[in-house]
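Down below is the structure, laid out as structure tokens.
Hydrogens, waters and symmetry mates are skipped; everything else that's a heavy atom, side chains included, is used.
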Amino acid sequence: MKKLLAILSSFIICLSMVACSSSDESKSQDNAFIKDIKKSFEARSNYLDDVESGKVTSSENEYLKEAVKKEKEIIEKYNDAEFDSPELAKLSKDYINALNTQEESLKYYSSDYTKFDKLWTEGYDQRSTILTTLIDKFGLVISDDAIEELKTNAQVVAEKNDTKEKVDKMLKNIKFKKVKDEYGWKYYEAVVENTTGLDLEYFYLDVKLIDSDDVIIESIPSPVDGTWANGKKVKLTFSTDKKFKKLEWTADYSIKE
């Protein structure tokens, strides 16, 4: 019996040692990532400083590609790493994905500059938001100038996302009703209140008609004429001679300053 208890005790001690070892390794991984994200960010920043000073000369798409590469080669190893902090694990993956987005954008630099700019900006917005979180919550230390730039952009991103949430909520409440049917044409309208808390200087609804095969058969604009003040109602309309199964819509808009 004593021998059995001794074996069990040894087994429990071994499990505890393994668990402690695993926990220590995860915490060490957390610390290593913070050190490496600092190193990768500074490698990119220093390289771009050399570009700006003329020490490095190359075309914009080439030096941007190299800038992304300098970060990725340091931190992409953390993509499948185990962290003690689940939040840090997600942030590391999201940051690497943001770098991948910027890398992907460069494929369109020459052929579709608008798409390049959109993807590049998305990557930068994600990076600035994540780096700000790492600074505020996980002790990342970088230069004061860099912190100010990142936090300013992260605030802009937060405001943009907040506005998008408010507009998306309003869009979900839109209900088009058929008000007339003549000569093969059907007329639809929806009365919508601006519930965003913001004055919309420009608002354009793109209504998509979708058939039973889930194919978009027509896209119809339904704009608001002039500024759409908060709390005011407008009537959105469209007409079509097409047969469709359902409607979907997206909006393009700008906020009045």
**OP:** Look at atom CG of D144 and say whether more than 12 heavy atoms of other residues, nucleotides or ligands are closer to it than 6.0 Å.
**Re:** no
Subject >> Residue K69 excluded, over 12 heavy atoms near NZ under 6.0 Å >> reply: no
**OP:** Quick one: sort the F203 and Y253 rings into parallel, tilted or perpendicular, breaks at 30° and 60°.
**Re:** parallel
Quick one: pull up [atom1] in [X] and [atom2] in [Y] and give me the separation to the nearest 0.5 Å.
X	Y	atom1	atom2	result
K77	Q29	NZ	CD	8.0 Å
M170	W228	CE	CH2	4.0 Å
E87	L134	CD	CG	8.5 Å
Y108	Y113	OH	OH	16.0 Å
S58	K65	OG	NZ	10.5 Å
L106	L64	CG	CG	6.0 Å

For the backbone of [Y] and the side chain of [X], can you confirm whether one donor and one acceptor N or O come within less than 3.5 Å of each other?
X	Y	answer
T57	G54	no
S92	A89	yes
D206	W249	no
D162	A158	no
S40	I37	yes
W120	Y124	no
N46	D50	no
D36	K39	no
N194	T196	yes
N230	G197	yes

Consider only side-chain heavy atoms of I, L, V, M, F, W and Y, link residues closer than 4.5 Å, and tell whether [X] and [Y] are in one cluster.
X	Y	result
I220	L171	yes
I75	I135	yes
L131	V157	no
V156	V167	no
I147	L150	yes

Does some side-chain heavy atom of [Y] sit less than 4.5 Å from a side-chain heavy atom of [X]?
X	Y	value
T133	L91	yes
E122	L119	yes
L236	E189	no
K90	D94	yes
L88	I34	yes
L209	L247	yes
L99	R127	yes
K169	K172	no

Subject >> Stepwise side chain to side chain contact (heavy atoms under 4.5 Å, CB included) test for Y47 and E66 >> reply: CA-CA 9 Å; Y47 173 74; E66 182 64 22; 3.4 Å; yes
**OP:** Apply side chain to side chain contact (heavy atoms under 4.5 Å, CB included) to T240 and E218, showing your working.
**Re:** CA-CA 9 Å; T240 182; E218 188 175 11; 2.8 Å; yes
**OP:** Starting from the C-alpha separation in whole Å, work towards a yes-or-no answer on salt bridge (charged side-chain N to carboxylate O under 4.0 Å, His left out) for D49 and K55.
**Re:** CA-CA 9 Å; D49 285 345; K55 191 180 294 185; over 6 Å; no
**OP:** Mind listing the closest non-hydrogen atom pair of S128 and N153 along with its distance?
**Re:** OG-ND2, 2.8 Å
Original post:
salt bridge (charged side-chain N to carboxylate O under 4.0 Å, His left out) between K151 and E149: does it pass, once the steps are laid out?
Top reply: CA-CA 6 Å; K151 288 198 170 185; E149 179 184 338; over 6 Å; no
Original post:
Does K245 come within less than 4.0 Å of D214, counting only side-chain N to carboxylate O?
Top reply: no
**OP:** Salt-bridge test for K246 and D211: reply yes if a basic N is under 4.0 Å from a carboxylate O, no otherwise.
**Re:** no
Original post:
Do D252 and T250 pass the side chain to side chain contact (heavy atoms under 4.5 Å, CB included) test, and can you show the C-alpha distance, the side-chain angles, and the key distance before you say yes or no?
Top reply: CA-CA 7 Å; D252 187 20; T250 56; over 6 Å; no
Ignoring hydrogens and geometry beyond distance, is a side-chain donor-acceptor pair present between [X] and [Y] at under 3.5 Å?
X	Y	result
N100	K72	yes
N61	S59	yes
Q155	E159	yes
Y95	E71	yes

Original post:
Would the Y187 and F238 ring centres measure less than 6.0 Å apart?
Top reply: no
Subject >> Set of residues satisfying side-chain hydrogen bond (donor to acceptor under 3.5 Å, both in side chains) with respect to E60, sequence neighbours excluded >> reply: Y109
Subject >> By side-chain hydrogen bond (donor to acceptor under 3.5 Å, both in side chains) - contacts of K35 (at least two apart) >> reply: none
Original post:
What do the steps show when you test F176 against F244 for ring pair (Phe, Tyr, Trp, His ring centres under 6.0 Å), and what is the final call?
Top reply: CA-CA 14 Å; F176 279 100; F244 61 91; 10.0 Å; no
Subject >> Derivation and outcome, salt bridge (charged side-chain N to carboxylate O under 4.0 Å, His left out), residues R44 and E42 >> reply: CA-CA 5 Å; R44 177 178 182 143; E42 290 178 343; over 6 Å; no
